[in-house]
Amino acid sequence: MDRTLAGDLARLPELLQAARDLAAREVAGLAERTVAAPGALPGPEPLPEAGTGGEGALARFADRWAPGFSGSAGPRYLGFVTGGATPASVAGDWLTSAFDQNLAGASGSWAQDLERETVVWLRELFGLGEAHSGAFVTGATMSNTVGLAIGREWAGERLGVDVSRAGAAALGPLDVLSGSPHSSIGKAMSVLGLGRDRLRKVPLLPGNREAVDVRALEAALAGAGGRPVIVVANAGTVNTVDFDDLRAIAALKERYDFWLHVDAAFGAFAALSPGHAALVDGLDAADSVCVDLHKWLNVPYDAAVQFTRRRDLQVAVFHNDSAYLGGPGAEPDFLHLTPENSRRLRALPAWFSLVAYGRAGHREIVERNVALARRLGAGVDALPGLRLLAPVRLNVVCFTLAADPTEERVAELARAVAASGEAYVTPTVYGGVPGLRAAFSNWRTTEADTERVLKVLATAAG
C-alpha cells in the first residue's frame with residue numbers, strides 16, 4: 001500500500017475531524033458568505049507526482065478553491081430553484097460516502113430496503129397511492145427522462161411494438177403534448193430518440209397564465225388520429241409556478257388514450273401545505289411523476305425521485321440481465337429501474353431529513369418560503385424601478401424593470417445583484433419580456449434575508 005495512503009488510513013479520524021472543522025466553519029458562515037461573486041480563478045497547477053496526503057489536499061483546497069465557491073446553499077441564493085441542505089441531510093450525506101453502498105443490487109446489504117422505505121414515505125408525502133412505485137435518480141432531468149421512457153414503452157405496447165428491443169424507429173412518430181414544458185423535456189426526447197421536434201406546444205389559458213388550456217389539449221388529443229401520445233402536465237412552471245388542472249387532464253383519459261406524465265419537480269411540495277394542496281389535486285392519476293428533492297426537500301445534490309404506475313414497463317426498458325447481476329424478480333433491484341447500474345445511496349440524506357424533521361418540519365419550510373416570496377413580491381411591486389411580470393402564486397417572484405426592460409438592461413440588473421454579494425437571481429423571458437426570477441426554496445431563508453434582497457434590488461434598479 002502507498003505510504004501516504006496508509007498514513008491517511010492510520011490518521012483517518014484526524015483527517016475527518018479536519019474536514020469536519022472546515023465544513024463547520026463554512027456552514028456557520030454561510031448566511032454572510034458572498035452569495036455569487038467570486039474573484040479571478042486561480043492559475044493552473046500540474047498534476048502532483050507525489051501526493052500530499054489527505055490533510056495536505058484539504059489545506060490546498062481550502063486555500064485555492066474554497067474561496068471561489070458560491071453561497072448557493074445559503075439563504076439569499078434565489079437563482080433557479082435551489083434548496084440548501086438541512087443539518088440532518090448533511091449528516092446522512094457524509095454517512096452515504098462512509099458506508100459507500102452500491103445500489104446496483106442487494107449485495108448482502110439493507111441499503112436497497114432503506115431506499116424503498118424512503119420512496120414509500122415520499123409517495124405518502126406527495127399524496128400518491130400504492131399503485132405508484134419509485135426510485136431515486138440524479139435530478140429532474142433524469143426523472144423526466146425515465147418517465148418519458150416508460151411512456152415510450154407504453155406507446156409501443158399500444159401499437160404492438162416492443163420498443164426496448166426494436167428501437168424507437170420501429171415506433172414511428174410519437175407526439176408529446178404540453179403547455180409550458182421545462183427544457184429538460186426536450187432534452188429527454190432527444191436522448192430517447194423521440195426527437196425534440198415531436199414536442200407539440202398546446203395553447204395556454206388566457207390572462208398571463210402558463211397553465212395549459214384543457215380544451216385546447218382535448219382538441220390536440222382528438223386530432224391525434226388514434227395514435228398514442230404522451231401528455232406532459234406541469235405542476236409548478238418555472239417562471240410563475242402555475243399549475244395545470246391535473247384532475248381535468250386525467251379525466252380526458254376516459255375519452256382519449258394517452259400517457260400522462262406530470263413534471264412536479266418542485267410543485268409537488270404544495271401537497272405539504274393545506275392551503276396549497278389543491279394545486280396538485282389529481283397528481284395520483286398520473287402514469288409517471290417527476291419530483292426533484294434537492295430543490296424543496298433541501299437535501300444535498302444530487303437527488304430526485306421518479307414514480308410510475310407501470311413498473312412492468314419500467315423494467316422492460318431498464319432491465320440489465322447477466323449471469324452475475326441476475327434478472328429482475330418480483331421486487332426488482334434498482335439497476336433494473338433506472339439508466340444507472342452502479343450508484344450511491346442517494347436516499348440516505350432524504351431518509352435522515354424526513355426522520356429528523358418529519359412532515360411538519362418540511363411543511364413549515366414550504367409555507368415559510370411561500371410567505372417570503374409573497375413578501376418580496378409585494379416589495380418589488382412597491383418599488384418605482386421594478387414591476388411584477390406575474391402574480392406570486394407560490395414560491396417564485398417573476399419581475400422586470402418598470403421602464404425599457406431590454407435584454408441588456410435586465411442582464412445588467414442581474415449582474416449588479418450578483419456583484420453585490422448579497423443575493424443571486426436568474427434571468428428569464430416571460431410573455432416576451434426579459435425578466436428575472438427569485439425562487440424561494442431554502443430552509444434557511446428568513447424575513448431578514450428577504451429584506452436584504454429587496455434592498456439590493458432597490459439599489460440595483462435605481
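Along the sequence shown, residues carry numbers from 1. Here the structure is a predicted model, which means the values were calculated and not measured.
With Asn298 contributing its side chain and Trp296 its backbone, the two residues share a donor-acceptor pair below 3.5 Å. Using modelled atom types, one side-chain atom of Ser178 and one backbone atom of Val232 make a donor-acceptor pair closer than 3.5 Å.
The shortest side-chain heavy-atom distance between His294 and Pro300 does not fall under the 4.5 Å cut-off. Side chains of Leu78 and Phe440 form a contact here, defined as non-hydrogen atoms less than 4.5 Å apart. By the 4.5 Å heavy-atom criterion applied to side chains, Asn442 and Thr445 are counted as neighbours.
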For residues 352-361, dump all side-chain donor-acceptor pairs below 3.5 Å to protein atoms at least two apart in sequence or in another chain.
{"unit_1": "Ser353", "atom_1": "OG", "unit_2": "Thr86", "atom_2": "OG1", "d": "2.8"}
{"unit_1": "Ser353", "atom_1": "OG", "unit_2": "His362", "atom_2": "NE2", "d": "3.4"}
{"unit_1": "Tyr357", "atom_1": "OH", "unit_2": "Ala88", "atom_2": "N", "d": "3.1"}

Under 3.5 Å, side-chain donor or acceptor atoms of residues 418-426 against the rest of the protein: list the pairs with distances, not counting sequence neighbours.
{"unit_1": "Ser420", "atom_1": "OG", "unit_2": "Val417", "atom_2": "O", "d": "2.5"}
{"unit_1": "Ser420", "atom_1": "OG", "unit_2": "Glu422", "atom_2": "N", "d": "3.1"}
{"unit_1": "Glu422", "atom_1": "OE1", "unit_2": "Arg452", "atom_2": "NE", "d": "2.9"}
{"unit_1": "Glu422", "atom_1": "OE1", "unit_2": "Arg452", "atom_2": "NH2", "d": "3.3"}
{"unit_1": "Glu422", "atom_1": "OE2", "unit_2": "Arg452", "atom_2": "NH2", "d": "2.7"}
{"unit_1": "Thr426", "atom_1": "OG1", "unit_2": "Phe80", "atom_2": "N", "d": "3.0"}
{"unit_1": "Thr426", "atom_1": "OG1", "unit_2": "Arg437", "atom_2": "NH1", "d": "3.1"}

Table please: side-chain donor-acceptor pairs of residues 186-201 below 3.5 Å, with sequence neighbours left out.
{"unit_1": "Arg198", "atom_1": "NE", "unit_2": "Asp175", "atom_2": "OD1", "d": "3.0"}
{"unit_1": "Arg198", "atom_1": "NH2", "unit_2": "Asp175", "atom_2": "OD1", "d": "2.7"}
{"unit_1": "Arg200", "atom_1": "NH1", "unit_2": "Asp197", "atom_2": "O", "d": "2.6"}

Contacts table for residues 409-416: side-chain donor-acceptor under 3.5 angstrom, sequence neighbours left out:
{"unit_1": "Arg409", "atom_1": "NH1", "unit_2": "Ala403", "atom_2": "O", "d": "2.6"}
{"unit_1": "Arg409", "atom_1": "NH1", "unit_2": "Asp404", "atom_2": "O", "d": "2.9"}
{"unit_1": "Glu412", "atom_1": "OE1", "unit_2": "Arg415", "atom_2": "NE", "d": "3.3"}
{"unit_1": "Glu412", "atom_1": "OE1", "unit_2": "Arg415", "atom_2": "NH2", "d": "3.0"}

>> Show, in sequence, the C-alpha distance, side-chain angles and deciding distance for Phe269 and Asn369, and conclude whether the side chain to side chain contact (heavy atoms under 4.5 Å, CB included) test is met.
In response: CA-CA 11 Å; Phe269 288 88; Asn369 283 164; over 6 Å; no
>> Could you go through Cys398 and Thr428, starting from their C-alpha distance and side-chain angles, then the distance that decides it, and tell me whether this counts as side chain to side chain contact (heavy atoms under 4.5 Å, CB included)?
In response: CA-CA 8 Å; Cys398 189; Thr428 191; 4.1 Å; yes
> Passes side chain to side chain contact (heavy atoms under 4.5 Å, CB included), Leu388 versus Thr400? Steps please.
Replying inline: CA-CA 6 Å; Leu388 292 176; Thr400 192; over 6 Å; no
>> Evaluate Leu205 against Val212 for side chain to side chain contact (heavy atoms under 4.5 Å, CB included), listing each step before the verdict.
In response: CA-CA 6 Å; Leu205 292 173; Val212 73; over 6 Å; no
> Run the side-chain hydrogen bond (donor to acceptor under 3.5 Å, both in side chains) check on Glu210 and Thr237 step by step: do they pass?
Replying inline: CA-CA 7 Å; Glu210 287 187 305; Thr237 55; 2.5 Å; yes
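For Asp302 and Arg343, the salt-bridge test fails: no basic side-chain N is under 4.0 Å from an acidic carboxylate O. Note on Arg116 versus Glu331: salt bridge recorded, some NZ/NE/NH1/NH2 to OD/OE distance being below 4.0 Å. The residues Glu153 and Arg158 are annotated as not salt-bridged, no charged nitrogen and carboxylate oxygen being separated by less than 4.0 angstrom.
Applying the side chain to side chain donor-acceptor pair (under 3.5 Å) test to Asp242 and every residue at least two apart in sequence or in another chain returns Arg209. Here Arg375 pairs with Glu447, Glu451 under the salt bridge (Lys or Arg N to Asp or Glu O under 4.0 Å) rule; sequence neighbours left out. Scored by the side chain to side chain donor-acceptor pair (under 3.5 Å) test, Ser288 finds Trp259, His261 as partners (sequence neighbours excluded). Residues satisfying the salt bridge (Lys or Arg N to Asp or Glu O under 4.0 Å) test with Arg123, not counting sequence neighbours, are none. In this structure Glu407 satisfies the salt bridge (Lys or Arg N to Asp or Glu O under 4.0 Å) test with no other residue, sequence neighbours excluded. In terms of the salt bridge (Lys or Arg N to Asp or Glu O under 4.0 Å) criterion, Glu117 has no residue partners (sequence neighbours excluded). Under the side chain to side chain donor-acceptor pair (under 3.5 Å) criterion, Gln101 pairs with Ser109, not counting sequence neighbours.
Phe318 has its ring centre no less than 6.0 Å from the ring centre of His336. When ring centroids are compared, Phe334 and Phe136 stay outside the 6.0 Å threshold.
With Asp287 as the fixed residue, the side chain to side chain donor-acceptor pair (under 3.5 Å) test singles out one of Arg310, Lys253, Arg309: Lys253. If you run side chain to side chain contact (heavy atoms under 4.5 Å, CB included) between Arg76 and each of Val453, Thr450, Thr446, only Val453 comes through.
Screening residues 379-397 for side chain to side chain donor-acceptor pair (under 3.5 Å), with sequence neighbours left out, gives Thr240-Arg393.
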